Structures are given as structure tokens and as C-alpha cells.
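Only a predicted model underlies this, so the values are computations on that prediction, with no experimental measurement involved.
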Amino acid sequence: MMDPSIGWFQDEHKGPALDLWKDIWHQSNPTAERQPDFIPFGDEPNDGNTVVKVSTNQTNVINGKTNSNVSHNSVTNSVANGTQIQVKRVRRENPASTYNLNDNQQLIAKYLGTPWRRLRQHYEPGIIGLHQEIEDFYNYMKPTACEHQMREDVVKRITKVVTDVWPQAKVDYFGSFRTGLYLPTSDIDMVVVGKWESIPLFTLEKKLLESGIVDETTIKVLDKASVPIIKLTDLKTNVRVDISFNTSNGIKSAKLIKHFKKQFPNLPKLVLVLKQFLLQRDLKEVFTGGISSYSLILMVISFIQLHPRNDAQNLKANLGVLLLEFFELYGRCFNYYRVGIRIKDGGSYVAKSDIQKQMDPDYRPSILCIEDPLNPSNDIGKSSYGAIMVKHAFEYAFDVLHQAVGPLSATVDQNQSILGRIIRVTDEVVDYREEISRRFTLPKKNSITSLHSDDHSTSSSQCSDSSEEYSDNETESQSMHRQNSTNSSRNSPTNIQRSYYNNNNNNNKSHTYSNQMSGNQFRSSNNNNNKPQNFQQNRNHNTYPHNRYPNSNRILSQNTRKKFSSNRKDAN
């Protein structure tokens with residue numbers, strides 16, 4: 001049966017054959033329990049009779065008040081005993097999770113899991129339609145002005161609590177909120193900088209409880225972690241916040257990502273799609289068996305840096321092609337066991353043995369090895385012990401998308417969402433966003449703050465910034481909507497996007513993988529006369545056109561290609 005944490009059956013899979021196979025599987029596995037509708041995170045087994053203490057906000061759900069901390073069907077057998085109540089099951093920890101979607105279609109019953117398709121009346125079939133869907137997904141899922149304002153309100157309130165206690169302390173924030181690459185349910189990473197004999201984790205916890213920003217059920221101090229932090233959920237907005245002390249790497253990393261956002265205009269679009277892809281599979285956090293957002297972003301940066309086609313860095317690039325090739329690279333071709341990723345100096349793939357020489361003496365080789373661009377002695381992926389699960393998810397995504405846009409696309413209903421084959425947005429997330437738009441009003445004109453200037457830090461209760469980047473994002477979004485509605489030639493899929501598979505396009509470089517000692521690498525041909533072949537023809541031959549040895553003008557023979565393919569399988 002299909003792994004419930006990775007995928008679900010597509011429309012073309014359904015029918016009598018699938019029903020028969022499912023019956024056979026269940027009969028041959030009589031002890032197999034039906035999959036739960038969520039993944040429990042550290043919850044103790046509950047037989048339905050255990051009394052569990054819940055917060056006042058959770059009790060409000062029982063009284064008919066709206067709150068997203070607990071699902072309406074999660075509480076049973078309530079008793080009038082203060083905040084003591086009997087519960088059978090706690091809500092899904094991740095509201096975006098689509099775990100075991102085959103048996104839990106109620107998660108997407110209202111919006112079918114593809115709300116971004118409301119932005120366009122018609123999508124073209126195949127790879128062009130996939131490009132259009134990625135554009136619309138990005139425009140739909142990227143932060144709105146209300147969501148940005150809501151998060152800034154959270155930061156301001158927490159900043160005020162900190163500075164009331166330590167007036168000389170400086171409060172800043174980093175991560176996805178600073179770079180603007182956050183999803184509706186992403187958390188906020190904050191840092192408090194000051195001078196203390198010991199980190200005042202529990203002092204700040206007490207002050208936050210007294211302020212009413214959190215209650216005892218929504219805050220936790222992780223003082224034994226490698227980087228001690230306070231994890232909390234804001235009661236007013238249900239936004240999660242991680243607070244650390246005296247750490248500056250996060251701010252520097254955010255500046256680096258913002259630099260690459262300017263250099264590679266397609267980076268934000270690919271990252272947002274891939275973040276959602278991993279988030280709904282509970283693979284976007286290291287502690288849930290996935291990889292960190294920072295690791296994912298560096299993988300995308302490396303992919304774009306080393307792409308043999310220069311137009312991959314162009315805003316007009318076909319996003320469907322790039323997404324498919326990303327999944328193919330990291331899902332099928334990349335040698336995780338021997339190769340490390342380096343993005344500095346233009347990017348390269350490096351043998352893990354060379355990277356290990358720069359690491360600390362107690363460093364243990366990791367499956368996913370990404371050299372820290374700000375500190376070569378640090379491996380960003382060293383804690384990603386479940387990276388192989390991410391690899392399997394990428395491989396699944398490539399197979400499913402290739403089925404819809406490759407040679408076998410005739411078996412797929414092109415009127416259905418192609419991107420929706422691998423990505424779904426739950427009704428809970430859509431409703432949460434709509435609730436935000438109703439509850440939080442926009443500030444007055446010219447007062448919308450940005451996603452942060454690079455030299456920004458906050459002291460006292462201020463959290464102000466330049467509005468340039470946020471305004472640029474809004475302008476780009478509005479412009480793209482106008483272009484889509486008028487079918488302008490600039491973004492017309494029949495002109496720009498189709499050039500990827502136009503046999504007369506002489507500017508596109510061939511795209512190859514070379515499995516050398518340093519790993520599976522993208523290589524570009526030096527022969528400008530080589531023209532890229534049609535996408536379907538390439539896939540029929542299971543290879544990209546004009547594969548060559550590095551620095552060689554001789555085309556690989558069919559036997560050599562088979563040899564390289566065999567080596568890749570053995571290495572992986």
C-alpha cells in the first residue's frame with residue numbers, strides 16, 4: 001500500500017482494480033490498524049477516560065466559541081469542572097498535514113485542496129499548466145498584508161514584554177518571517193540580545209505568562225537543547241514563536257537568503273511550493289524526521305546555481321520544468337552518501353570527505369551534507385537523520401508529476417489540477433487565513449512595514465522597517481494578475497514558457513548529470529550547436545539530450561549511458 005505520509009491515490013489509479021487490491025491487502029494484513037487522521041506528537045495514549053488539563057481557549061471550543069487550538073470533534077464527554085475535561089484525542093499538531101489523505105478526504109472537502117485554482121478560469125494542459133499553477137499557488141499562498149500585520153503585532157507585544165524587563169536588551173527576528181518565505185502556519189523566530197550571567201529563560205517565561213500573551217499550556221522552555229529556546233503559541237493569533245538568546249547566525253542567514261532572492265527571482269516561488277510539499281507531509285522540521293527550511297532553501301539555491309541553462313535564473317523560466325528537475329535531481333540522481341552541497345563561490349558539489357576535513361573533530365558524517373556558507377566548519381544538514389525520507393518524497397513527486405506532463409500524460413485528466421497531485425491545502429488552513437483577513441485590518445496607507453531591512457534590529461517596543469520589499473512583492477503580484485487576465489505576450493505560455501521545448505531555441509544549454517567522484521552533477525555542454533530535444537522525446541529515452549563527459553566533445557554512447565545509470569543506482 002502507499003505510504004500514508006507521502007502520497008495518495010490519483011484519479012487514474014481509482015477503479016475496480018484498486019478496490020480489489022486494497023481488499024486483498026487488508027485481508028492479508030488482518031492486524032493492520034486503520035491509519036489515524038493525524039500524526040500524534042508526544043501525546044500519551046488515551047483510552048477516553050483520562051482527565052486531561054486543557055487551556056481556557058480550548059474550553060471555549062466546548063462552549064461553542066471559535067478557536068483553532070482544538071478541533072471541534074476532538075473533545076468528548078465534557079464535565080463541568082473548571083478547566084478539567086475529558087478528551088479522547090488532541091487536534092492535529094500540524095493543521096496543514098494531509099497524512100493518510102486517502103481515508104481522510106474530509107480534510108479537503110470544502111475547497112478540494114486546491115484553492116489557488118480560483119485565481120484563473122482556465123489552465124493549459126501539461127507542463128504549461130503546471131507552470132501556471134505554480135504561479136497561482138505562489139500568489140495565493142504568499143503572505144498577505146493582513147497576515148504580515150498580524151505577525152508584526154505578535155512581535156511587538158513580545159518585544160514590549162522583553163524590553164519592560166530588560167530595557168537595554170535588543171529584540172530581533174530572523175528565519176522565514178524576515179525573509180518573507182513563510183507559509184500561513186509558519187512560526188516566528190525571535191532572538192533576544194543582552195548581557196546576563198545565565199540565560200534568563202524561565203524569567204522570560206514567567207513574564208510572558210503574566211502578560212497574558214500565553215498560558216501554561218501554550219509555552220514550553222527547552223533549556224537542555226543545543227540552542228536553548230522558549231517555544232510558545234500566541235493566544236490571540238495562534239501563531240507559534242521560538243525565542244532564543246544571544247544568537248546571531250539566524251540574522252546573518254536571513255540576510256544571505258534575501259541576497260539570493262534578488263539574484264534568483266524564481267527562488268521564492270520554488271521555495272514556497274517545496275515548503276508546502278514538505279510541511280503537509282510533516283517533513284519540514286528536523287525533529288519530525290524531515291529537513292529544516294534553511295536546508296531546503298540552500299538546496300534550491302544550489303539547484304539554480306548549477307543549472308546548465310542560464311535562463312533557469314530568469315524570471316520568465318518555466319517553473320514547471322524547474323520543479324520537475326528539482327525533484328528528479330534530489331529524488332533520483334543526487335548521491336547523498338558521497339556528495340556534499342556548497343553554495344559559496346558560485347556553488348559546487350564536493351566530496352563529503354573534503355568537507356569533513358573542515359569540520360570539528362567530533363563531527364559525524366550526515367546523510368544530507370550542506371556546507372554552511374557562513375561557517376565552513378558547520379554542516380547545516382548534520383541533524384537531518386530522516387533526509388532519506390525526504391528523498392523518497394521527492395522521488396514520488398517526480399513520478400506523479402512526470403505521469404501528468406510526460407509521454408504518458410494522455411492517461412491523466414488534464415482538467416484536474418496537476419500541482420494538486422502532490423500538494424493540497426487543507427480546509428483548516430484556508431479558513432484560518434480567511435479568519436485573519438476578517439480580524440486584522442490593514443494599517444493606514446504608507447504604514448505597512450516590510451519584511452525587514454538587512455541592518456534592522458529592534459529595541460524598546462519599536463518594530464519598524466522600510467516598506468520597499470513588501471511593496472515590491474505587492475506590485476509584482478498585482479502586475480502578474482493583470483498580465484494573466486489579459487493574456488499578455490510577456491507571460492504568455494505559448495511564447496515564453498514553450499521555448500523550453502522548442503527545438504529551434506539555440507540558447508538553451510543541454511542538461512546532464514555526471515556521476516563523478518564528486519557526485520551527481522549538472523554539467524553544461526560547450527557545444528552551442530547542440531539543440532535541446534522535445535521534452536517527451538527526452539523522457540522516452542530516460543535521459544537528457546547530449547550527455548557528455550566533462551570537458552569532452554564526444555557524445556556518450558548508449559552503453560555508456562547505461563553504465564552511468566547503473567552506477568547511480570549502486571551509489572544511491
**Q.** Test: D234 and R151 ion pair at under 4.0 Å
**A.** no
Q) Charged N to carboxylate O below 4.0 Å: is that the case for D172 and R178? A) yes
Answer whether the closest heavy-atom distance between the side chains of [X] and [Y] falls below 4.5 Å.
X    : Y    : value
N266 : L319 : yes
V321 : L324 : no
T144 : S437 : no
V273 : K269 : no
Y294 : I257 : yes
M190 : I158 : yes
L232 : I243 : yes
R421 : E12  : yes

Q | Test side-chain contact (heavy atoms from CB on, under 4.5 Å) applied to L368 and Y336, step by step | A | CA-CA 6 Å; L368 175 62; Y336 287 86; 4.0 Å; yes
**Q.** Residue pair Y432 / N238, side-chain donor-acceptor N/O under 3.5 Å
**A.** no
**Q.** N249 versus T247, side-chain donor and acceptor atoms under 3.5 Å
**A.** no
Aromatic ring proximity, centroids under 6.0 angstrom, [Y] and [X]:
X    : Y    : result
Y396 : H392 : no
F327 : F277 : yes
F394 : F398 : no

So, taking the atom named [atom1] in [X] and the one named [atom2] in [Y], what distance separates them when rounded to the nearest 0.5 Å?
X    : Y    : atom1 : atom2 : value
D215 : L208 : CG    : CG    : 12.0 Å
Q149 : D153 : CD    : CG    : 7.0 Å
L274 : M299 : CG    : CE    : 9.0 Å
L201 : E205 : CG    : CD    : 9.0 Å
D187 : S176 : CG    : OG    : 6.0 Å
M141 : E147 : CE    : CD    : 8.5 Å

(Q) For I230, run the side chain to side chain contact (heavy atoms under 4.5 Å, CB included) check against L204, V214, V241, L222 and tell me which one passes. (A) L204
Q.
Run R364 and D379 through salt bridge (charged side-chain N to carboxylate O under 4.0 Å, His left out) and show every step you take.
A. CA-CA 10 Å; R364 292 184 178 181; D379 178 8; over 6 Å; no
Whether the side chain of [X] engages the backbone of [Y] through a donor-acceptor N/O pair (distance < 3.5 Å, no angle test) should be reported.
X    : Y    : answer
H402 : D399 : no
Q276 : V425 : no
K352 : I367 : yes
E285 : L279 : no

On a heavy-atom basis, which atom in [X] and which in [Y] lie closest, and how many Å separate them?
X    : Y    : result
K261 : P268 : CE-CG, 3.9 Å
K275 : L181 : NZ-O, 2.5 Å
L401 : I418 : CD2-O, 3.6 Å
S97  : T426 : O-CG2, 3.6 Å
A404 : Q414 : O-NE2, 3.0 Å

**Q.** Worked verdict on L322 versus H307 for side-chain contact (heavy atoms from CB on, under 4.5 Å)
**A.** CA-CA 9 Å; L322 294 180; H307 204 289; 4.0 Å; yes
Q.
Over 60° means perpendicular and under 30° means parallel, so tell me whether F177 and H148 are parallel, tilted or perpendicular.
A. tilted
Q: Report the relative orientation of the aromatic rings in F260 and F264; use parallel for angles under 30°, tilted for 30 to 60°, perpendicular for over 60°.
A: parallel
Q | Y349 vs S302, side-chain contact (heavy atoms from CB on, under 4.5 Å): CA-CA, chis, key distance, verdict | A | CA-CA 9 Å; Y349 295 115; S302 174; 3.8 Å; yes
Q. Is there a side-chain contact (heavy atoms from CB on, under 4.5 Å) between M389 and D3 once you walk through the steps?
A. CA-CA 11 Å; M389 188 68 172; D3 187 338; 3.2 Å; yes
Q: Count the heavy atoms of every other residue, nucleotide or ligand shown that sit under 6.0 Å from NZ of K344, and state whether that count exceeds 12.
A: yes
Q. For Y385, does the OH atom sit with more than 12 other heavy atoms under 6.0 Å from it, leaving out its own atoms?
A. no
(Q) Among residues at least two apart in sequence or on other chains, which ones pass salt bridge (charged side-chain N to carboxylate O under 4.0 Å, His left out) with E133? (A) R117
(Q) Going by the rule side-chain hydrogen bond (donor to acceptor under 3.5 Å, both in side chains), which residues pair with N375 if we only count those two or more places apart in sequence or in a different chain? (A) S377
